[in-house]
Amino acid sequence: MKYLLDTHAILWYAQGSSEISQKARSLMETEECFYSMASLWEIAIKQKLGKLDGTLTIPELDEWCINAGFIKIPASPSHLEKTKSLDFIHRDPFDRFLIALAQSEDLTIITRDTIIPQYDVKTVW
């Protein structure tokens, strides 16, 4: 199985946070995991708003993801188009994009988000 990392999964794993489940941590350490630039963009916005610590720059976080063995998955116009077919259960545009990406690429999202599983997408935490 292949996995897509939700933004908080990346951050918590990078920080060694106890917020991340043991199952999620294990999958991130043993399975093929992908991440999206949309997550890094979300982090950049939250850093600018002061909602997240800005200790790591976005290029540093991207490099950290690569060094952790995560694979950057490029966004495509078809992924963006797919977001138009999603019901507005989730209002967060970054999560909506990750849902569309996971659906398009048959990925399971590693997430603690309780709204994402309301879509036709596989999740694990």
Side-chain angles (χ1 to χ4, degrees):
M1 196 173 294
K2 296 179 184 178
Y3 298 90
L4 177 63
L5 304 175
D6 198 350
T7 305
H8 61 269
I10 295 168
L11 286 172
W12 291 344
Y13 185 76
Q15 297 166 346
S17 173
S18 61
E19 293 286 330
I20 193 165
S21 75
Q22 187 55 45
K23 183 174 186 175
R25 181 181 309 283
S26 177
L27 290 171
M28 293 169 79
E29 292 173 349
T30 61
E31 300 296 328
E32 190 171 29
C33 291
F34 296 84
Y35 71 103
S36 171
M37 289 302 290
S39 289
L40 299 184
W41 182 20
E42 180 179 14
I43 291 166
I45 289 170
K46 288 183 177 182
Q47 285 177 339
K48 175 64 178 167
L49 294 172
K51 293 182 177 183
L52 282 178
D53 181 347
T55 306
L56 280 180
T57 66
I58 298 305
E60 289 169 339
L61 190 54
D62 184 45
E63 186 66 26
W64 183 91
C65 285
I66 292 166
N67 290 336
F70 305 146
I71 302 161
K72 191 180 331 180
I73 189 165
S76 73
S78 63
H79 297 141
L80 297 172
E81 184 68 20
K82 179 82 172 161
T83 65
K84 291 171 24 181
S85 69
L86 298 176
D87 290 333
F88 268 101
I89 300 167
H90 209 313
R91 297 292 198 195
D92 185 301
F94 298 104
D95 287 329
R96 292 174 60 75
F97 178 76
L98 293 179
I99 292 162
L101 183 60
Q103 287 178 338
S104 298
E105 302 298 327
D106 194 27
L107 300 170
T108 298
I109 304 175
I110 296 179
T111 184
R112 187 170 81 172
D113 189 305
T114 58
I115 300 173
I116 290 175
Q118 295 178 40
Y119 287 90
D120 183 23
V121 65
K122 294 172 286 208
T123 63
V124 64
W125 187 250

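These numbers come from a predicted model, not from an experiment.
Between Y13 and W64, the ring center distance clears the sub-6.0 Å criterion.
Partner of Y35 under the side-chain contact (heavy atoms from CB on, under 4.5 Å) criterion, out of L98, I73, L40, L61: L40 alone.
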Quiz item: Can you list the steps and then say if T55 with E60 is a side-chain contact (heavy atoms from CB on, under 4.5 Å)?
Solution: CA-CA 10 Å; T55 306; E60 289 169 339; over 6 Å; no
Working for side-chain contact (heavy atoms from CB on, under 4.5 Å), residues Q103 and L86 | CA-CA 10 Å; Q103 287 178 338; L86 298 176; 3.4 Å; yes
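At least one side-chain heavy atom of F70 sits under 4.5 Å from a side-chain heavy atom of M28. Using a 4.5 Å cut-off on side-chain heavy atoms (C-beta onward), L27 and K23 make contact.
Salt-bridge annotation for R112 and E19: present, with a side-chain N of the basic residue lying under 4.0 Å from a carboxylate O of the acidic one.
We find the OG1-CG distance between T7 and D92 to be 8.0 Å, quoted to the nearest 0.5 Å. We find the CG-CG distance between D6 and D113 to be 6.0 Å, quoted to the nearest 0.5 Å. The distance from atom CG of L11 to atom CD1 of I20, rounded to the nearest 0.5 Å, is 10.0 Å. Atom OG1 of T123 sits about 11.0 Å away from atom OH of Y3, to the nearest 0.5 Å. To the nearest 0.5 angstrom, K82 atom NZ is 11.5 Å from R96 atom CZ. Note that NE2 of H90 is 13.5 Å distant from OG1 of T83, once rounded to the nearest 0.5 Å.
Atom NZ of K122 sits in a crowded spot, with more than 12 heavy atoms from other residues, nucleotides or ligands closer than 6.0 Å. For D120, the CG atom counts as loosely surrounded, since its 6.0 Å shell holds 12 or fewer non-hydrogen atoms of other residues, nucleotides or ligands. Residue W125 qualifies as enclosed at atom CH2: its count of foreign heavy atoms under 6.0 Å is above 12.
With hydrogens and angles ignored, the 3.5 Å screen pairs a side-chain donor or acceptor of Y119 with a backbone N or O of D87. The backbone N or O of T57 sits nowhere less than 3.5 Å from a side-chain atom of Q47 that would complete a donor-acceptor pair.
The two residues I109 and I99 have their closest heavy-atom pair at CD1-CA, 4.1 Å. Residues L101 and S36 share a closest heavy-atom pair of CD2-CB, 3.9 Å. The two residues A75 and F97 have their closest heavy-atom pair at CB-CZ, 3.6 Å. Considering all non-hydrogen atoms of both residues, S104 and H79 come closest at CB-CD2, 3.5 Å. Between I10 and S39, the closest heavy-atom pair is CD1-CB, 4.0 Å. When all heavy atoms are compared, the tightest approach of I110 to A9 is O-CB, 3.8 Å.
Follow the hydrophobic side-chain contacts under 4.5 Å out from M37 and you never reach F94; the two are in separate clusters. I58 and W41 fall into different hydrophobic clusters, where Ile, Leu, Val, Met, Phe, Trp and Tyr side chains are chained together by heavy-atom contacts under 4.5 Å. Tracing side-chain contacts under 4.5 Å through hydrophobic residues (I, L, V, M, F, W, Y), one never reaches L4 starting from I66; they form parts of separate clusters. L5 and I71 fall into different hydrophobic clusters, defined by Ile, Leu, Val, Met, Phe, Trp and Tyr side-chain heavy atoms under 4.5 Å apart, directly or through other members. V124 is not connected to L107 by any chain of hydrophobic side-chain contacts under 4.5 Å among Ile, Leu, Val, Met, Phe, Trp and Tyr, and they are in different clusters.
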